[in-house]
Amino acid sequence: MIKAHRINIFMVFAVIFLAMSLYFLTRVWLMMFGAILVAVLLLGLSDYLKRAPKIGKFMRKLPHALSVGLVALMLLLAVAGFFAMFGSDLVNQFEDLKNMTPKAMQSINNYLKGYPVIYDWVAQSKWMQEFIADPAAFLSQYTGDVLGVVPVMVSGLFGGIGTFLIILVVGLFLALTPDVYTKSFVTLVPKQHRDKARYLLKSSYQALRRWLIGQFAVMAFVGVATVIALWLMGIPFALALGVIAFVLDFVPVLGPWLSAVPILLVTLIVAPDMLLWALLMIVVVQQLESYVVAPAVQQRLIDLPPVALLLSQIIMGSLTGILGVALAMPLMVALIVWVQILYVKFTLKDYSIKIMGQNEEDLKHDPYYTPKEDQQLSSLKDD
């Protein structure tokens, strides 16, 4: 009795400590979750390679740490190879894009003159008149001092790079010895529930792995399709704009539309007669991504309303900034899996539910899955 009382007191303090750390150390927890995603990616790629037809037999013979290290090396070589082939062109294109930015407002102004109704409405707007009269003074209302923002942007850039490197390194260490951390987590759970804790971690890993690898495949499609389409249309900076589309597509809903802005601005500046074609290309690529590529690659793993995704990104963005926006989707995936398992399965005792990320093969080996017909029959017998 005394022991149980002490355990309850310990759990209360543990929950309070966790809640306080989530509030005061939100960025640290997000970085940790980002590192977990990196580990999931490395482990997932390693698992897929072990099942590959030709190299799978060789990969299965390697120690776990060596196989994960080999996957990390392959990814590093792929990135290094890309920059070796296209790095100089990419840097030059981004530099030209930066220099072209001041021309954007003038190009937009000239384009809108072809549509008198829209142009008159924009031109009569107070904010537009203030911007045209003195752009620096207009921007200073929101930045305090335009020149003073530059050091903040530079430090933010380096801070972002540092955060990214920390996430990569921690993620690599997590992937090299995952058993150490999973055993530590399971040890904190009472003995009678440790099998359920292992099941929770395994299911979370499966869902995140399939979403993450599928998401990178979809991102690759968007980036390559954008580069090819812009190149065929004769729009310059196709490679740089494709890289932007690839990176921003990691953020569902918001990312694709944000990547459309530089594409439309460049098209407006260099080839305004192609603007509608560029807009059509963006819409076609996004529709193919949403209704053809993503369902085929991810096997309908994620079926969430866009409004729910957008709201989660807005909430995470307001609370945690850009890092929260980027991680909003995988956080939702993990949250849904935990709710399905901890609440629906183990609290409501509904063992017929299919956990997000599971396929038919997974269900056959799921110790906590019972088909709905069998579950109904069992309940009738109990009655």
Side-chain angles (χ1 to χ4, degrees), residues 14-15 18 21-22 26 28-48 50-51 64 68 71 167 170-190 193-217 250 252 297-304 308-309 312 316 320 323-324 326-369:
V15 170
L18 179 62
S21 67
L22 286 173
T26 305
V28 176
W29 281 104
L30 284 176
M31 291 172 62
M32 192 63 205
F33 184 73
I36 292 174
L37 289 181
V38 173
V40 168
L41 177 63
L42 294 175
L43 292 171
L45 290 175
S46 177
D47 290 342
Y48 281 121
K50 290 177 181 178
R51 297 197 298 268
H64 171 79
V68 171
V71 169
I167 289 174
V170 175
L172 177 59
F173 280 107
L174 288 175
L176 290 174
T177 55
D179 290 341
V180 174
Y181 306 102
T182 54
K183 288 179 180 178
S184 299
F185 175 81
V186 171
T187 304
L188 298 175
V189 179
H193 298 300
R194 286 180 182 177
D195 288 340
K196 294 180 179 180
R198 294 187 188 95
Y199 174 77
L200 175 64
L201 292 179
K202 182 180 179 181
S203 300
S204 302
Y205 164 71
Q206 288 178 339
L208 288 173
R209 180 193 65 186
R210 287 180 178 153
W211 175 82
L212 195 58
I213 294 178
Q215 184 66 20
F216 273 102
F250 184 79
V297 172
Q298 297 182 345
Q299 299 177 345
R300 299 190 180 276
L301 170 61
I302 306 300
D303 187 18
L304 298 173
L309 296 176
S312 67
M316 291 298 296
T320 61
L323 188 59
L327 298 178
M329 182 62 173
L331 277 170
M332 263 190 101
V333 173
L335 178 62
I336 289 173
V337 171
W338 281 51
V339 170
Q340 287 178 326
I341 293 176
L342 295 179
Y343 181 68
V344 179
K345 271 189 183 289
F346 297 149
T347 303
L348 300 182
K349 307 297 182 182
D350 183 4
Y351 296 106
S352 65
I353 186 174
K354 181 180 178 181
I355 302 301
M356 180 177 289
Q358 286 186 330
N359 53 32
E360 296 303 322
E361 186 65 25
D362 296 328
L363 292 178
K364 294 178 182 178
H365 301 90
D366 189 341
Y368 296 101
Y369 173 74

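Below, all heavy atoms of this structure are taken into account, side chains as well, without hydrogens, waters or symmetry copies. All residue numbers in this chain count up from 1 along the given sequence.
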*Asks:* Compare every heavy atom of Ala207 with every heavy atom of Val333, then report the nearest pair and how far apart it is.
*Replies:* CG1-CB, 4.0 Å

*Asks:* Can you confirm if the aromatic rings of Tyr205 and Trp211 lie within a centre distance of less than 6.0 Å?
*Replies:* no

*Asks:* Looking only at non-hydrogen atoms, find the nearest pair between Val337 and Ile355 and report the distance.
*Replies:* CG1-CG2, 4.0 Å

*Asks:* Looking at every non-hydrogen atom in both residues, tell me the closest pair between Gly171 and Ala39 and how far apart they are.
*Replies:* O-CB, 3.4 Å

*Asks:* Nearest 0.5 Å, please: how far is OG in Ser46 from CZ in Arg51?
*Replies:* 10.0 Å

*Asks:* Any cation-pi pair here, Arg209 with Tyr48, using under 6.0 Å and within 45°?
*Replies:* yes

*Asks:* Taking the side chain as C-beta and beyond, is there a heavy-atom pair between Val186 and Leu201 under 4.5 Å?
*Replies:* yes

*Asks:* Measuring from Leu212:CG to Leu42:CG, what's the distance to the nearest 0.5 Å?
*Replies:* 9.5 Å

*Asks:* For the aromatic rings, using the six-membered ring if either is Trp, is the centroid distance between Tyr369 and Tyr351 under 6.0 Å?
*Replies:* no

*Asks:* Between NE2 of His193 and CZ of Arg198, what distance do you get to the nearest 0.5 Å?
*Replies:* 13.0 Å

*Asks:* To the closest 0.5 Å, what do you measure between CD1 (Ile336) and CD1 (Ile341)?
*Replies:* 12.0 Å

*Asks:* Evaluate the side-chain proximity of Leu335 to Leu331: yes if any heavy-atom separation is below 4.5 Å, no if none is.
*Replies:* no

*Asks:* Applying side chain to side chain contact (heavy atoms under 4.5 Å, CB included) to Glu361 and His365, what does each step give before you reach the verdict?
*Replies:* CA-CA 7 Å; Glu361 186 65 25; His365 301 90; 2.9 Å; yes

*Asks:* Please find the pair of heavy atoms, one from Leu327 and one from Leu30, that lie closest to each other, and give the distance.
*Replies:* CD1-O, 3.3 Å

*Asks:* Give the C-alpha distance, both sets of side-chain angles, the deciding distance and a yes or no for side chain to side chain contact (heavy atoms under 4.5 Å, CB included) between Thr347 and Leu342.
*Replies:* CA-CA 6 Å; Thr347 303; Leu342 295 179; 5.6 Å; no

*Asks:* Is there side-chain contact between Pro330 and Leu208, with at least one heavy-atom pair below 4.5 Å?
*Replies:* yes

*Asks:* Does Asp362 come within less than 4.0 Å of Arg210, counting only side-chain N to carboxylate O?
*Replies:* yes

*Asks:* Between Asp195 and Tyr368, is a side chain to side chain contact (heavy atoms under 4.5 Å, CB included) present by the stated rule, with each step listed?
*Replies:* CA-CA 10 Å; Asp195 288 340; Tyr368 296 101; 3.7 Å; yes

*Asks:* Does OH belonging to Tyr343 count more than 12 external heavy atoms closer than 6.0 Å?
*Replies:* no

*Asks:* Has Thr187 got a side-chain atom pairing as donor or acceptor with Lys183's backbone, closer than 3.5 angstrom?
*Replies:* yes

*Asks:* Mind listing the closest non-hydrogen atom pair of Val189 and Ala197 along with its distance?
*Replies:* CG2-CB, 3.9 Å

*Asks:* Before you tell me yes or no, could you show the steps for Val71 and Leu41 under side chain to side chain contact (heavy atoms under 4.5 Å, CB included), namely the whole-Å CA-CA distance, both residues' side-chain angles and the distance that decides it to 0.1 Å?
*Replies:* CA-CA 10 Å; Val71 169; Leu41 177 63; over 6 Å; no

*Asks:* Going by heavy atoms in the side chains, are Leu172 and Val38 under 4.5 Å from each other?
*Replies:* no

*Asks:* State, with a plain yes or no, whether a side-chain heavy atom of Lys345 is found less than 4.5 Å away from one of Tyr199.
*Replies:* yes

*Asks:* Distance-only, no hydrogens or angles: does the Thr182 side chain make a donor-acceptor pair with backbone N or O of Asp179 under 3.5 Å?
*Replies:* yes

*Asks:* Is the backbone N or O of Pro178 less than 3.5 Å from a side-chain atom of His64, with the two atoms forming a donor-acceptor pair by type?
*Replies:* no

*Asks:* So do the side chains of Phe216 and Leu45 get within less than 4.5 Å of each other, counting heavy atoms only?
*Replies:* no

*Asks:* For the atom pair NZ (Lys354) and CG (Leu363), what is the distance rounded to the nearest 0.5 Å?
*Replies:* 6.0 Å

*Asks:* What closest approach, in Å, do Ile353 and Gln340 show between heavy atoms, and which atom pair accounts for it?
*Replies:* CD1-CG, 3.9 Å

*Asks:* Any side-chain heavy-atom pair from Ile36 and Met31 closer than 4.5 angstrom?
*Replies:* no

*Asks:* Let me confirm one number: the CG-CH2 distance from Leu200 to Trp338, rounded to the nearest 0.5 Å.
*Replies:* 4.5 Å

